[in-house]
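We count residues from 1, following the sequence as given.
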Amino acid sequence: MFDIAWSTIKNRKGGFVAAFIAVICGSAVITACGVLFVSGLLSGVAPERYAGATVMVGGRQTKDVKENFDPYYAERVTVPASVAEQISRVDGVEKVVRDHSVEMTLQKDDGSARGEPVPLEHPLYGHGWSSAALGPFELAEGSEPGGAGETVLDAGLARAAGVKVGDAVRLSVGTTPQDYKVAGLVDAPGGGLDRQSAAFFTDARAAGLSQRPDRLTAIGVLGEDGTDAGELAGRIEAAVTGTDVVAYTGDAIGDLEFLDVGQSRGFLVMLSASFGGTALGVVVFVVSSTLGLAIHQRRRELAMLRAVAATPRQVHKLIGSEVLLVAGAGAVLGAAPGFLVAGLLRDAFADVGVLPADFELSFNPLPAVAAVLLSVLGALLAGFIAARRIAKIKPVEALSESQVEKGELGRTRKAVALALLGLGLVTSIVLPLLIPGQLAIAGAGGSLLLLMVGSALISPVLVQTTTRLLTPLLMRSKVSGYLAAANSTANARRLSSAVVPLALGTAMALMQLSMLNTVEVTAKEQAATGVVSDYVVTSGTTGLSTDLAQKVRAVDGVGTVTPVARSQVLITYVEIDKPVSNPFSAQGLEPRDLDRTLDLDVREGSLDELRGDTVALSRITADTARLDVGDTADVDLGDGTHKELKVVALYGKGLGFGDVTLPHGMLTGHTANQQDTALLVTGEDGGGGAGGKVESGLADLADGTPGLVVQSPEEFGAVEQGEFTQQSSTSLIANALLILYVLIAVVNTLVMATTGRSREFGMLRLIGTSKQQTRRMMFLESWVVILTAVVVGIAIAIPPAVGAALGTTGQPIPYVEPLAWGGIVVFVALLGWLSISLPTRSALRGRPIDAVYATE
């Protein structure tokens, strides 16, 4: 059977080449998703400042969720200082090193109170001098810090700042500066620090700078000679009681040293899992459509086989063998480019800031193996479905249908199509009304495939309907128009194979654009209208020190100051009978006179009660977690501290200001730097203070405070969209890959459908039809295909867009950018027209008689 299949492939290259290309591209997409998933599980970054430690001990950075992904905490989970004493008693431990780390900024001492900031390529962290042994760092010049006013810098930082031993530097924690004398310089292990800069202080000074001397960033362990690191780590974890710690060894220490690496791995696992499922569905759909068209073009040949006594099983085996050869070769060849695609995705994610620039992918062979298996299995299933009808009908009926397409669709096919369309509408529109929140938004987005498959099943009817509507226009061209109308009506199944991928590409592009625009526009409107203060004070450093609010309140003319802190929390709730913990953006606010600085559009409850163990939630978050005013929310703060919080208010402007609002002190107390993001300032008279006293006072304060920036509410609102921009860019990048694949499939299918009609073109020319009339016939047919695809694409994109708008904004009208939608439609029309017209011209170049007999 494989010999026959190979012979068929060699003599019918056109259809098989199209299927081959579809499988190659599909295998590359699946491989890329697999590489991202495996990288999320296995990849990492080698340690730098902790490179000399035998074992490093830190808090557990993930929440254990049964039967689901373990999400990462946004802030560093610190360790009680008392744990160091427990570790020191473990067998094999030679030395225990307590590490306090605090993020800082560096200014040159230029004689001004503010100081000139030194631009650094990497973040700067301050540490206690004893932690230098974990590098180990070696003193290159000068001496170790001898008092609270001295510091030791790593040599790379000193060169970047242009300072040397004995110079004075200004180091700030938030907006609190302190002048230090450079007592010495140290050489970093391995020739330098690639991801950070380091400044060392006395251990007492480092503990004071961290603001939590009772908590440690990490604990370093130097083992006795001959001690196995893995065994020592196990003994340490067993010995520590009263807190949940993790002992790291080898390159895994990098996860503890660089939190962004672990968080990036979690991001890749979540993204690739969700995106990979959608990608697999789209790939199978496209391959099925391509194989269906290829088998449809061979119905005469297959009918002849049935007429000469080939059994249905033999027909299935023949097609299965052909598909196995084509799909197997295509899947294997597509796996290698998949690794390149994964690298391009990594680079794109790094450019928008959701992955570190130095995050290395794990190029494991397992994703390629999985992609080959899935691609081949999907192609075999598609081939079986496509061959099912021609294999099961009687030989005489097969010969009849090979000449003229069957007009009516089967009842089962129609029923399944209507069921899928109905389910798609329910999932996209009804679900957000009944079960609002993130689940409804995900359902609305996923409903596109249901609507597309349903539309594909009845696509011949849609083509016939479009043809009937366009017939009066087509008939204006008597010969070409008549032929185009007759072909479109009689061969609706063939044309529908070209319509389906074109409609899918249109729908995916329009839906993605609409969902992103709706959320983006709503978020910007909320941010712009929500800040009602006169001024916003922010910082170009690591943040605003919490004592700055009191200094601003002391400015003449200031009436109200609201400090705003930012972080991320986890909320645990039940979703489809399974507990999940999902991250939500959070802000910390003081409720006092909040209405004079910030309008969150409170729908229920009151923000005046936001004190103690309470929380306010955005409407979307409350709907997602099934919470209402008075309920108790299961919340894990950024550093892993668990809280049971009473919901005191629900508000509408969650897209602009965050999903969760907590008491200010609660949030800042559980962040790494315990600093504010902004201060919202309103004058006593609500208008900036008489004579501009507030503006002048804030300007004077900024002149004497490192990094302090005074903004208008409009400028602050624009900056606040940074996190959303990252999220939308991530979604856009992932979906752009799928859309690109669909566009390749569009060209592939249309070219195959057109070149497969060479015999028909030859017959038309032999009976007197000119080249120009044939080209015009195909031009008119192309518009039947394009208009059907565009209308279907728009029709199936609207319900998910409406559902997403309901879930995110509560309004059923999505934001539509007319120029963008028009551009997509024009692009799709141009792509469809070129994919039909160019192959038509190519097919008409030879002699008609050669075309007729070459395909026999």
Side-chain angles (χ1 to χ4, degrees), residues 48-51 99-203 205-206 208-210 217 257-258 260 356-358 538-545 672-673 675 702-709:
E48 292 182 351
R49 204 172 55 80
Y50 296 153
D99 181 32
H100 287 284
S101 296
V102 58
E103 190 172 4
M104 312 182 78
T105 53
L106 173 66
Q107 294 90 28
K108 289 183 180 179
D109 187 359
D110 59 357
S112 68
R114 183 182 178 92
E116 180 186 351
V118 177
L120 299 176
E121 186 177 355
H122 306 294
L124 165 63
Y125 294 95
H127 316 277
W129 175 250
S130 63
S131 69
L134 299 175
F137 289 84
E138 296 182 358
L139 198 62
E141 296 182 45
S143 61
E144 64 185 63
E150 292 185 345
T151 185
V152 172
L153 307 179
D154 77 76
L157 173 62
R159 286 193 297 272
V163 298
K164 57 185 183 297
V165 174
D167 288 350
V169 294
R170 180 167 296 157
L171 292 165
S172 302
V173 178
T175 51
T176 303
Q178 178 67 47
D179 291 331
Y180 297 91
K181 176 185 176 183
V182 179
L185 304 178
V186 291
D187 286 329
L193 298 175
D194 295 326
R195 302 188 92 248
Q196 61 189 311
S197 298
F200 295 94
F201 308 89
T202 63
D203 289 347
R205 180 59 179 162
L209 290 173
S210 72
T217 302
E257 185 171 354
F258 308 112
D260 60 334
D358 59 350
T538 60
S539 174
T541 63
T542 60
L544 302 173
S545 302
N673 293 329
Q675 295 169 1
D703 288 339
T705 307
L708 202 64
V709 178

What I'd like to find out is whether the side chain of [X] reaches to under 4.5 Å of the side chain of [Y], using heavy atoms alone.
X	Y	value
Q107	S172	yes
P356	R195	yes
V102	H127	no
V173	N673	no

> Hey, mind stepping through L157 and L124 against side chain to side chain contact (heavy atoms under 4.5 Å, CB included) and telling me if it holds?
Replying inline: CA-CA 9 Å; L157 173 62; L124 165 63; 3.6 Å; yes
> Restricting to pairs with a member in residues 165-184, which pass ring-ring contact (aromatic ring centres under 6.0 Å, His included), not counting sequence neighbours?
Replying inline: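 Of all non-adjacent pairs touching residues 165-184, those that pass ring-ring contact (aromatic ring centres under 6.0 Å, His included) are Y180-F201.
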Is the side chain of [X] donor-acceptor paired with the backbone N or O of [Y] at a distance under 3.5 Å, no angle test?
X	Y	answer
E138	V186	no
D203	W129	yes
T151	V182	no

Please name the pair of heavy atoms, one in [X] and one in [Y], separated by the smallest distance, quoted to 0.1 Å.
X	Y	result
A702	L708	CA-CD2, 3.7 Å
T202	G146	CG2-C, 4.3 Å
S131	R49	OG-NH1, 3.6 Å
A199	L153	CB-CD2, 3.7 Å
A183	P145	CB-CA, 4.4 Å
E150	E144	OE1-O, 4.1 Å

>> Please verify the inter-ring angle class for F137 with F200; under 30° counts as parallel, over 60° as perpendicular, anything in between as tilted.
In response: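 Judged by the thresholds at 30° and 60°, the geometry between F137 and F200 is perpendicular.
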Donor-acceptor side-chain pairing of [X] and [Y] below 3.5 angstrom:
X	Y	result
D99	T217	no
T176	Q178	no
Q675	S545	no

>> Using the rule side-chain hydrogen bond (donor to acceptor under 3.5 Å, both in side chains), only one of H122, E103, E257 pairs with Q196; which is it?
In response: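 Only one option passes, and that is E257.
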> Roughly how far apart are L185 CG and K164 NZ, rounded to 0.5 Å?
Replying inline: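 Rounded to the nearest 0.5 Å, the CG-NZ separation comes out at 10.5 Å.
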>> Using 0.5 Å steps for rounding, measure from the CG atom of D179 to the CG atom of L171.
In response: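 Spacing of CG (D179) from CG (L171) equals 9.0 Å.
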> Does D167 come within less than 4.0 Å of K181, counting only side-chain N to carboxylate O?
Replying inline: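 Looking at K181 together with D167, the answer is no, because their closest N to O distance does not fall below 4.0 Å.
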> Partners of D154 by side chain to side chain donor-acceptor pair (under 3.5 Å), sequence neighbours excluded?
Replying inline: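 Per chain and number, D154 pairs via side chain to side chain donor-acceptor pair (under 3.5 Å) with no residue.
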